S.K.: 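I have a structure here, written as structure tokens, and I will follow up with some questions on it.
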Number of protein chains: 2
Amino acid sequence: MVEEKKNATIYDVAAAVGVSLATVSRVVNGSENVRPATRDKVLAAIKELGYRPNAVARGLASKKTTTVGVVMPDMTNLFFSELTRGIDDVAHMYQYDVLLTNTDDDPERALTAIRNLADKQIDGLIFMGSQLSDKVLTAIRATGIPVVLAGSVDKDQQLPSVNIDYKMAFSEVTARFLESGYDRVALVTGSADRAIDVDYRRAGYEAALLKAGKKLDEELIFPGARSYQDGVRLAKVIRDADANAALVYDDEVALGVLNGLQDEGLKVPDDFEIVSANNTTFTLVARPELSSIDQPKYDIGAVAMRMLTKLMDKQDLGEEQILLPYTMVNRSSTK
Amino acid sequence: MVEEKKNATIYDVAAAVGVSLATVSRVVNGSENVRPATRDKVLAAIKELGYRPNAVARGLASKKTTTVGVVMPDMTNLFFSELTRGIDDVAHMYQYDVLLTNTDDDPERALTAIRNLADKQIDGLIFMGSQLSDKVLTAIRATGIPVVLAGSVDKDQQLPSVNIDYKMAFSEVTARFLESGYDRVALVTGSADRAIDVDYRRAGYEAALLKAGKKLDEELIFPGARSYQDGVRLAKVIRDADANAALVYDDEVALGVLNGLQDEGLKVPDDFEIVSANNTTFTLVARPELSSIDQPKYDIGAVAMRMLTKLMDKQDLGEEQILLPYTMVNRSSTK
DNA sequence: CTGAAAGCGCTAACAG
DNA sequence: CTGTTAGCGCTTTCAG
């Protein structure tokens with residue numbers, strides 16, 4: 001028979017020292033109100049017994065789990081994994097653990113995830129993804145759990161969020177293309193109907209067009225590409241549309257477009273310029289290297305998590321809609 | 001004053017129906033022993049009140065949290081994020097949530113992470129990373145929590161694990177190089193001292209060399225490269241070592257070597273052949289596309305998680321050291 | 001098939 | 001400064 005060495009409980013250390021469990025609880029939680037001598041004895045017993053507080057019991061009694069939920073589309077996408085890395089680091093810095101769920105941007109799965117996380121009594125939630133449907137928003141609200149959006153916008157800006165100014169960034173890139181004489185700028189977005197694609201990326205693109213006295217040509221807008229392979233396929237279509245430049249929302253897709261175009265004999269950047277938007281490692285490995293909008297991905301996650309800690313502590317947030325600065329990184333896919 | 005709508009508890013639904021909380025618990029947990037009529041009434045009340053069981057309370061009472069911990073080096077590395085994606089999907093399939101922690105392969109952080117996860121009473125743990133130090137191993141043991149290693153080996157094979165046969169794969173690639181007349185094969189590994197690098201990757205490489213009647217030349221072994229940039233820098237060194245082929249343990253590093261070599265004017269695959277080992281998307285975006293060992297990354301994670309569910313259910317595991325099949329993907333970085 | 005009662009391990013007033 | 005006393009919301013015997 002193997003002896004099951006049960007974990008020591010707070011009772012065991014209280015008994016060992018000859019104090020009440022309240023006192024042990026106090027020293028564990030760093031309360032001032034303990035005589036140093038008592039504290040030392042308790043500490044010694046804790047060490048001796050190898051006592052570690054049971055976080056579940058704690059959670060039940062205190063109604064705080066020191067756990068946050070992170071709901072994201074797909075952790076194998078570098079954009080999101082870098083955001084999440086920022087979240088994770090800051091979360092652990094503040095002693096929170098992270099419950100992670102991938103949704104593949106499926107609202108149903110997001111719904112399930114949120115409810116499930118709420119059941120686990122998470123103290124806060126970070127939500128990512130282009131698809132923030134009303135149902136999901138309602139579900140989040142219903143839980144009453146503090147939430148921050150990271151790299152994600154909700155149409156009506158009802159929730160605290162951290163982003164860059166997507167509209168301005170897309171407008172800026174488009175304007176540059178136009179100024180450089182590239183008059184047929186293709187825009188590749190994630191979807192045809194989501195806020196981030198329509199109200200920000202496309203809106204920025206359109207704004208630059210209008211400012212330059214041109215009007216938007218629907219045939220130059222390409223929604224729906226999600227993978228490298230999608231990008232490769234898209235290259236032909238973009239070429240057939242007679243575009244001479246492209247602004248692509250995702251690096252892998254951009255790389256697909258780049259390689260696809262080159263495989264068809266186009267010279268980048270001489271015949272065609274491409275700018276991507278996430279500045280992940282993918283932009284560096286491309287030949288030519290991809291110019292890109294540089295979003296501070298890690299920081300977006302980190303700042304979002306930091307905001308969430310304030311929310312969980314019921315501190316004042318100040319500005320709820322944070323826009324972090326972005327920069328343009330010019331590499332060899334543009335002149 | 002906003003009315004705080006408190007979440008309904010099991011008492012509330014018991015009271016609403018006029019049964020005891022034990023009965024409610026039974027229907028919630030799908031026990032057979034409830035009269036259908038009673039069950040229906042309870043179910044109706046649950047729906048009516050929007051009752052959702054508090055997982056923390058459940059965890060305390062049942063000593064099961066339906067949560068597993070995942071300890072990994074870095075989620076922004078595609079190899080690990082794809083493994084973890086497999087873990088995550090299977091975990092949720094079996095109703096487990098995933099607590100994620102990045103360690104950057106730092107044993108100290110792994111230690112902290114494991115203890116912390118144990119405090120949260122996780123039901124199981126999946127560990128990834130090349131660095132499984134004795135201290136970490138001891139810490140894992142001390143928790144008594146079921147563990148499975150994914151894409152990670154422990155020297156003495158004391159823990160259940162899921163991998164491919166790294167030694168055979170590395171031997172096979174090396175042998176091919178040799179057969180094709182590439183007699184100076186560089187080996188790029190992650191470290192000079194860890195089990196996976198020494199006992200598997202390097203051992204496989206060496207085995208092929210010996211079999212071909214050659215002996216290992218230390219100058220052709222390059223440990224320690226971790227990033228794309230490291231690979232770029234390494235390219236010159238590899239070239240100076242007069243190598244004419246390279247087997248690289250990581251895709252991003254391999255890409256760095258590839259681009260670095262090409263930037264110096266070498267022709268791949270004519271002057272130099274390269275094979276990488278993880279077959280992530282990076283192999284596809286390279287020009288020429290990288291040949292690679294194809295590890296079933298998602299499956300490694302998925303199988304590891306499936307094993308863990310068995311362990312947590314105290315089912316018999318059968319073989320504890322699982323080796324999944326790998327394949328070779330020949331692209332344009334080899335002839 | 002159902003209920004009563006005893007915890008799970010800890011926090012949090014409330015006394016003293 | 002320390003102990004007592006209630007719970008937190010649920011599972012789990014044990015009776016009946």
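The chains referred to below are lettered A, B, ... by the order of the sequence lines, with proteins before strands, and numbering in each begins at 1. Treat the numbers as computed from the prediction; the structure is a model and nothing was measured.
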S.K.: Please state whether the phosphate of D/dT11, meaning OP1 or OP2, lies under 4.0 angstrom from any side-chain nitrogen or oxygen of B/Lys64.
M.R.: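 It does not, given that no N or O in the side chain of B/Lys64 lies less than 4.0 Å from OP1 or OP2 of D/dT11.
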S.K.: Nearest to the side chain of A/Arg26 - C/dT11, C/dT2, D/dT2?
M.R.: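 Of the options given, the side chain of A/Arg26 lies nearest D/dT2.
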S.K.: For B/Gln321, I'd like to know if atom CD has over 12 heavy atoms of other residues, nucleotides or ligands within 6.0 Å.
M.R.: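 Check passes, neighbour count above 12.
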S.K.: Go through it in stages, so that I can follow the logic: the residues are B/Leu149 and B/Asp154, the test is side-chain contact (heavy atoms from CB on, under 4.5 Å), and I'd like the CA-CA distance, side-chain angles, deciding distance and then a yes or no.
M.R.: CA-CA 8 Å; B/Leu149 305 179; B/Asp154 66 314; 3.6 Å; yes
S.K.: Would you say A/Thr23 places a side-chain N or O within less than 4.0 Å of OP1 or OP2 belonging to D/dG3?
M.R.: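 Answer is yes, contact under 4.0 Å.
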S.K.: Please determine, for the side chain of B/Asn33, which listed nucleotide (C/dT11, C/dC10, C/dT2) has the closest atom?
M.R.: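 Looking only at heavy atoms from C-beta outward on B/Asn33, the closest nucleotide is C/dT2.
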S.K.: Strictly below 4.0 Å: does B/Tyr51 bring a side-chain N or O up to OP1 or OP2 of D/dC10?
M.R.: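 It does, given that an N or O in the side chain of B/Tyr51 lies less than 4.0 Å from OP1 or OP2 of D/dC10.
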S.K.: Between C/dT2, D/dT4, D/dT2, which one does the side chain of B/Val34 approach most closely?
M.R.: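 Ranking C/dT2, D/dT4, D/dT2 by closest atom to the B/Val34 side chain puts C/dT2 first.
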S.K.: Over how many whole Å does the gap from A/Asp119 atom CG to D/dC10 atom P extend?
M.R.: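 After rounding, the reported distance stands at 10 Å.
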S.K.: In whole angstrom, give the distance that lies between atom CZ of A/Arg58 and atom C1' of C/dT11.
M.R.: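 Value for this atom pair: 9 Å.
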S.K.: In this structure, how many angstroms lie between the P atom of C/dG7 and the CG atom of B/Leu60, rounded?
M.R.: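 My rounded result for the distance is 14 Å.
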S.K.: Starting at CG of A/Asp40 and ending at C1' of D/dC1, how long is that distance when rounded to a whole Å?
M.R.: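 The answer, rounded to whole Å, is 15 Å.
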S.K.: Just compare C/dT11, D/dT12, C/dC8 and give me whichever is closest to any side-chain atom of B/Lys63.
M.R.: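 From the listed options, C/dC8 comes nearest.
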S.K.: Reckon A/Ser25 has a side-chain N or O less than 4.0 Å from the OP1 or OP2 of C/dT11?
M.R.: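 Yes, A/Ser25 has a side-chain N/O under 4.0 Å of OP1/OP2 on C/dT11.
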S.K.: If you check the A/Asn54 side chain, which of C/dG9, C/dT11, D/dG9 turns out closest?
M.R.: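 The closest nucleotide is C/dG9.
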S.K.: Does B/Asp123 pair with B/Lys64 as a salt bridge, N-O distance under 4.0 Å?
M.R.: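 No, no charged N to carboxylate O under 4.0 Å.
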S.K.: Applying a 4.0 Å non-hydrogen cut-off, can you work out what B/Val19 is touching in the nucleic acid: base, sugar-phosphate, or nothing?
M.R.: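 Sugar-phosphate, no base atom in range.
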S.K.: Taking only side-chain N and O atoms of B/Ser20, does any of them lie within less than 4.0 angstrom of OP1 or OP2 on C/dA4?
M.R.: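 Indeed not, no polar side-chain atom of B/Ser20 lies that close.
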S.K.: Report the distance from atom OH of A/Tyr11 to atom C1' of D/dT4, rounded to the nearest whole Å.
M.R.: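 Answer to the nearest Å: 11 Å.
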S.K.: Any side-chain heavy atom of A/Ile164 sitting closer than 4.5 Å to one from A/Leu323?
M.R.: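 Heavy-atom side-chain distance check fails, nothing below 4.5 Å.
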S.K.: Provide, to the nearest angstrom, the distance between the CD1 atom belonging to A/Ile46 and the P atom belonging to C/dG9.
M.R.: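 After rounding, the reported distance stands at 16 Å.
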S.K.: Quick one: on DNA chain D, does B/Val56 or B/Ala22 contact a more 5' nucleotide (nearest heavy atom)?
M.R.: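 Result of the comparison: B/Val56.
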S.K.: Please compare B/Ala61 and B/Thr38 by the position of their nearest nucleotide in DNA chain C and report the one closer to 5'.
M.R.: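 By nearest-heavy-atom nucleotide position, the 5'-most residue is B/Thr38.
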S.K.: Run the salt-bridge test on A/Arg85 and A/Asp89 with the 4.0 Å N-O cut-off and return the result as yes or no.
M.R.: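 Answer for the salt bridge query: yes.
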S.K.: When you measure from the side chain of B/Leu21, which nucleotide among C/dA5, C/dC10, D/dG9 comes out closest?
M.R.: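 Among C/dA5, C/dC10, D/dG9, the one nearest the side chain of B/Leu21 is C/dA5.
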S.K.: To the nearest Å, give me how far apart CG (A/Asn29) and C1' (D/dT2) are.
M.R.: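 Going from A/Asn29 (CG) to D/dT2 (C1'), I get 15 Å.
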